[in-house]
Amino acid sequence: MVKFREYKQINYPEVGKEIRAFWENNNIFSKTITERSGEPSFTFFEGPPSANGTPGIHHVMARAVKDIFCRYKTQKGFQVKRKGGWDTHGLPVELQVEKELGITKDYIGKKISIADYNKKCKEAVMKFKGKWDELTRQIGYWVDLENPYMTFDAHYMESVWHLLKKLHEKNLLYKGYTVQPFSPAAGTGLSSHELNQPGTYQNIKDTSVVAQFKVKPTQQSAFLFDQEEEDVRILAWTTTPWTLPSNCALAVGDKIHYVKISTFNPYTYQPVSVILARELINKYFTEKANQIVLSDYQAGDKLIPWKLLNSFTGKDLLEIRYEQLMPYVTNDKLNEKGFRVISGDFVSTEDGTGVVHTASVFGADDFRISQQNNVPAVMVLDDQGLEVPLVDRKGCFVKEVTDFAGKYVREEYYPESVRQDPNFKPTDVLIAIKLKEENLAFKVEKYEHSYPHCWRTDKPILYYPLDSWFIKTTALKDRLVALNNTINWKPKSTGAGRFGNWLENLVDWNLSRSRYWGTPLPIWVTVDKSEKKCIGSIAELRTEVDQAVAAGLMSESLPENFDLHRPFVDDVILVSPKGQPMHREPDLIDVWFDSGAMPYAQWHYPFENQDLFNSNYPADFIAEGVDQTRGWFFTLHAISCLLFDTVAFKNVIANGLVLDKNGNKMSKRLGNAVNPFDVIEQYGPDATRWYMISNANPWDNLKFDANGILDVQRKFFGTLSNTYSFFALYANLDAFNFKNKAIAATEKTESDLWIISRLNSIVREVDQYYDDYEPTKAARAIQSFTVNDLSNWYVRLNRKRFWIGDYNQNKEVAYQTLYTCLHTIAQLMAPVAPFYAEKLFLDLNSVTKLSSDDSVHLAHFPVINEEAIDTELEARMRLAQLASSLVHSLRKKQKIKVRQPLRKILIPVLNEDEKNRLKKVEELIINETNVKTIDYLDDDAGILIKKIKPNFRTLGVKFGAQLKAITPKINSLIQTDIAQFENDGFFNIEIEGEMIELLLTDVEISSQDIPGWLVASMDGLTVALDINLSDGLKKEGLSRDIVNRIQNLRKDQNLEVQDKIDILYSTHDKLIKEAMEVHQQSIQQETQTKTILFNADLPNGISLDIDGAEIIIQLNLISYEK
RNA sequence: GGGCCUGUAGCUCAGGUGGUUAGAGCGCUACACUGAUAAUGUAGAGGUCCGUGGUUCGAGUCCACGCAGGCCCA
């Protein structure tokens, strides 16, 4: 006879290990996929982590979320393929290798070959793969770890090349420039990482200029002109005067307040009206000077008078045109679209004038807002006819800037000897002098600030336009936005706000990276840049190389297993259609393109697996951290939209962060990082997952506190396993195995029907929540059902059914009902707590074999039995719970223990419906509260005291402002008023001399009190309790006390539940003796006693105290009889 | 500086479409229960719903401006 497994206590980490072994030994994960062959597929994309660091606790969270929906969809009958993946390229890997080798980027290609360097990178990137895989298995995240995609794999890279070629064919790949840190002295660009090296930022003194930009009178600027001939100028500040010839726009802050001030130029003494931020007035003008009348001013006066004329916001200034400040280079395009005021989100009023001079090619902000506002750059054509900026790569002005041609823009670039010359003047100073003379400068001064320097040469860097390859994402911006609107984002705001706004302000995707370890850009160009080729596959490259061999440019064909990485691909020279040699563009592509390409590259699409790809694209679901919004979420979306005109994913959860328990970010440096392995080892995977999911929505930040896991263990898992243990204990005693068919509903008790109704309601609810990607709500609903409905109500009410008497149908119904609930809970909780759910499922099935599935994760999601849902019954039961709770509270107040039976409860009812409802749950209330009868008090007698209160919802609509007067009137109605109101169905009251009519729907009437009774009420239900005790009731109460004492004795003597006993007793208390005699039968039944005999002399008996009276009991175990 | 999120009891969190007495669990205190027992029940204490204005008969909820924390971007 197989029995249900019984446990003394549950060791949750052990459950994790045991079930993991079960899964691995029985290939359950792969069965969940193979057994769903032919079913519709639900597609999930795994966002690839980088395995060059160890996993953190937040990965447990992220992976739990992914896992939940994959398991759920499998339950719902879908086939859910899940390929693991690794992000292997990129800067972090390079940096780690450089740290390990103790080298800098300068060494690469010199002291270490690129080949060796990349070999190191390849080794380093998978350093912690073992740890990742182990954690993945420990937390039960089911994903194919055996055949993951790797972004450095040749097949993967080939697919990436294919995508790039498709982009090229669609004319979405182009070469342009971005503004990046550049060191003219070293002749090289600097990465943001190099800029973050210590010592890079140094304080230097620069010549700063506040320049005057003359406003053109137009319709937009009309409000700035008080007189026709007024000289209105916008003041803009710069610490890099050498960029002023390249000025193309002025940036203001939309919300910043600006003013127009009438004054005189301090260098030319000419009258002028200047515009600057209101907050910065006293930086340029003194209060004292404001006292002076403008017309009193004489050229050369020290104090320059000023007068505030006008005030407005940045928004008002937008699109105003001004005259070019230093017109060395200009053209029609510039005159048409340049030299206007635009909005800059970075503009502040901390320094300068609140207006920022913008030279699009010499500042990162400048470049961005110029692009966004369609402002052209100030450029000239070089010898080859290519557009170049006004400063060359050595840091000198080009010849077109006639006054300063050939001069270094920063004095630090001059040799020391030149700078020592007493007559030497830096270019910035020369520019400042010129501006002063031409009435173009308002203020010139030295300004000390922190500025980045090149770590190689120790000279200041420039922000400079450098060549880059771009994907023209802006060309399909509208489509990107439109498709995004079809994606179901969790939470919504991340999709509409964070991601949506990002798409609205999209700039082209800069693909180029000047690095070593990554996917090389597959573009070859001729030296004169007139011809180019984009290669889309290895085969294509092979063909091209053969042609190059034929042309004598290459010595041999491409070898088998050619590595597409640098440096090998750099050595490939192709031949152009015109017979010119072609060299590869040296850049690598952005690693984000790698990961965004995973839907295609993971299957080596289109070279292999076209069917697999077609049936698994786009993804139904992905989930990653919210920090991926502009990372993976974007690259997936962009590639998919640009090349396939579809979304890459239909549903997405953007997780929040996992913080420490105080809400601080976890970091290894602060020592507050939580090691996930320790947590799993200590608390087990299920409680950890359940805690993370049930505590807060995944998209909210989680304050991780291990105490929370303990709570979850105690509250949810403890209660659930207790309930199972309770079931197993008695089911084993009665040899219950669910072999008889399910008993009909007509044979069930009210509470059986109720819990099954609740169960079905909860199945529906949980299904809905999972389907809506609301794991937190699902987990909370399951927990609430388990703890509140099943354990605290159903089991509590039905305890006796399980352990009293012989096996009968009533008992069997109870077993079946409880079994069904536990079994269903196992299925519902399986996505969130896969291990324990499995254990519960297996333990239950081991005896009954009701389910043919080997695993809860192979079973289908519970089917809702709509007929079992009885909302009326659920409402009744709430009423019973409420009534019981009220009686308990009355007992409590009177200090009458529950064991003492009471005669009667009186419940006032307002109508027949309410009475019938209560009658149906009468038994339950009686049992739960230990009273003999319930009487119902109709209102006919008129003795109920009623309470009336306004129904603001209806009154508010009808009377609005009069409510303030009506409310106290209603509250002050007396009993006879209420009775009349109820009788007539309406009631008139006088408000400010006006009669108004109230209807019954305008108020809520409830019974409040019964004169002369002990009452309690809540939510409209009132109960009254009769606390008079008859002798009979007292004896019955005593008999229960006696049972209690005997049970304690049994426990003290370590008797098993099923052991039978005989009892001898003696007492001098008359009432106790009578109680023993009157209730002998029930005492015997409850305590498994065969015979009870009175015996005055019990030397070995145990003396017990019952409310001050003594009883001596001797208890003998009857040897077990077959 | 911009976008987005969060702010409700000591802690973790609920609070469609505005409705007057703001809830739950944990923790705390007291009592009860004692064959689910490392469980359970009942009651109590605990709140300027981040602040300030506004809309409204009525605001935790709607609007505006702030403050604090966080993420991303600059």
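Residue numbers start from 1 in every chain, and the chains themselves are labelled A, B, ... in the order their sequence lines are given, proteins ahead of strands.
Contact annotation: A:Asn792 side-chain N/O to B:G41 OP1/OP2 distance is under 4.0 Å. Dashed line: the shortest gap from a side-chain N or O of A:Asn697 to OP1 or OP2 of B:A14 is under 4.0 Å. Between B:A36 and A:Arg799, a contact under 4.0 Å exists linking OP1 or OP2 to a side-chain N or O. Note on A:Lys715: a side-chain N or O is less than 4.0 Å away from OP1 or OP2 of B:C26.
Here A:Thr719 lies out of heavy-atom contact (under 4.0 Å) with every strand. Within the 4.0 angstrom heavy-atom criterion, only backbone atoms of the sugar-phosphate kind lie near A:Arg368; the bases stay farther away. Within the nucleic acid shown, A:Ser725 has no heavy atom closer than 4.0 Å to any nucleic acid atom.
At whole-Å resolution of the value, CD in A:Gln881 and P in B:G41 are 11 Å apart. Atom CG of A:Leu506 is separated from atom C1' of B:C73 by 13 Å (rounded to the nearest Å). Rounded to a whole Å, the CD1 atom of A:Ile369 is 16 Å from the P atom of B:G3. Look at CG on A:Asp705: it is 13 Å from C1' on B:G10, rounded to the nearest Å. In this structure, A:Phe727 atom CZ and B:G35 atom C1' are separated by 18 Å, rounded to whole Å. Distance, A:Gln372 CD to B:A74 P: 11 Å, rounded to whole Å. Remark: P of B:G1 and CD1 of A:Ile342 are 20 Å apart, rounded to the nearest angstrom. Here the P atom of nucleotide B:U40 and the CG atom of A:Leu720 are 13 Å apart, to the nearest Å.
Judged by distance alone, the side chains of A:Ser751 and A:Asn798 do bring a donor and an acceptor atom under 3.5 Å apart. No side-chain N or O of A:Asn488 forms a donor-acceptor pair with one of A:Tyr773 less than 3.5 Å apart.
Mapping A:Arg780 and A:Gly344 onto RNA chain B by nearest heavy atom places A:Gly344 closer to the 5' end of the strand. The nearest heavy atom of RNA chain B to A:Tyr730 and to A:Lys777 marks one nucleotide each, and the one closer to the 5' end goes with A:Lys777.
On the P atoms, B:G10 is 15 Å away from B:A45, given to the nearest whole Å. Between B:C11 and B:C50, the two P atoms lie 13 Å apart (nearest whole Å). Nucleotides B:G46 and B:U40 have their C1' atoms positioned 24 Å apart, rounded to a whole Å. Distance noted for atom C1' between B:A24 and B:A32: 23 Å (whole Å). Taking atom P on both B:U17 and B:G25, the two are 24 Å apart, rounded to the nearest angstrom. Comparing B:C71 with B:G54, their C1' atoms are spaced 31 Å from each other, to the whole Å. B:C28 and B:U21 have their P atoms separated by 32 Å, given to the nearest Å. Nucleotides B:U61 and B:G51 place their P atoms 10 Å apart, quoted to the nearest Å.
Nucleotide B:A68 forms a pair with B:U6, judged by Watson-Crick or G-U wobble geometry with both contacts under 3.5 Å. With both pairing distances under 3.5 Å, B:A22 is matched to nothing as a Watson-Crick or G-U wobble pair. B:C33 is unpaired under the Watson-Crick or G-U wobble criterion, no partner having all donor-acceptor distances under 3.5 Å. Pairing for B:G53 is with B:C63, a Watson-Crick or G-U wobble pair whose two hydrogen-bonding atom distances lie under 3.5 Å. In this structure, B:G44 forms a base pair with B:C28, meeting either the Watson-Crick or the G-U wobble geometry with both donor-acceptor distances under 3.5 Å.
In this structure a side-chain-to-backbone donor-acceptor pair under 3.5 Å is missing from A:Tyr463 to A:Asp365. In this structure, A:Thr473 contributes its side chain and A:Val507 its backbone to a donor-acceptor pair below 3.5 Å. For A:Thr494 (side chain) and A:Ala654 (main-chain N/O), no donor-acceptor pair under 3.5 Å exists by modelled atom type.
Taking 3.5 Å as the limit, the base of B:C73 and the side chain of A:Arg498 contain no donor-acceptor pair of atoms between them.
Relative ring orientation between A:Tyr730 and A:Phe726 is described as perpendicular, the plane-to-plane angle rising above 60° on a 0-90° scale split at 30° and 60°. Using cut-offs of 30° and 60° on the angle between ring planes, the pair A:Phe736 and A:Phe4 is parallel.
With B:C26, B:A36, B:C13 as the candidates, the nucleotide lying closest to the side chain of A:Ala696 is B:C13. The A:Asn501 side chain lies nearest to B:G3 when the options are B:C5, B:A36, B:G3.
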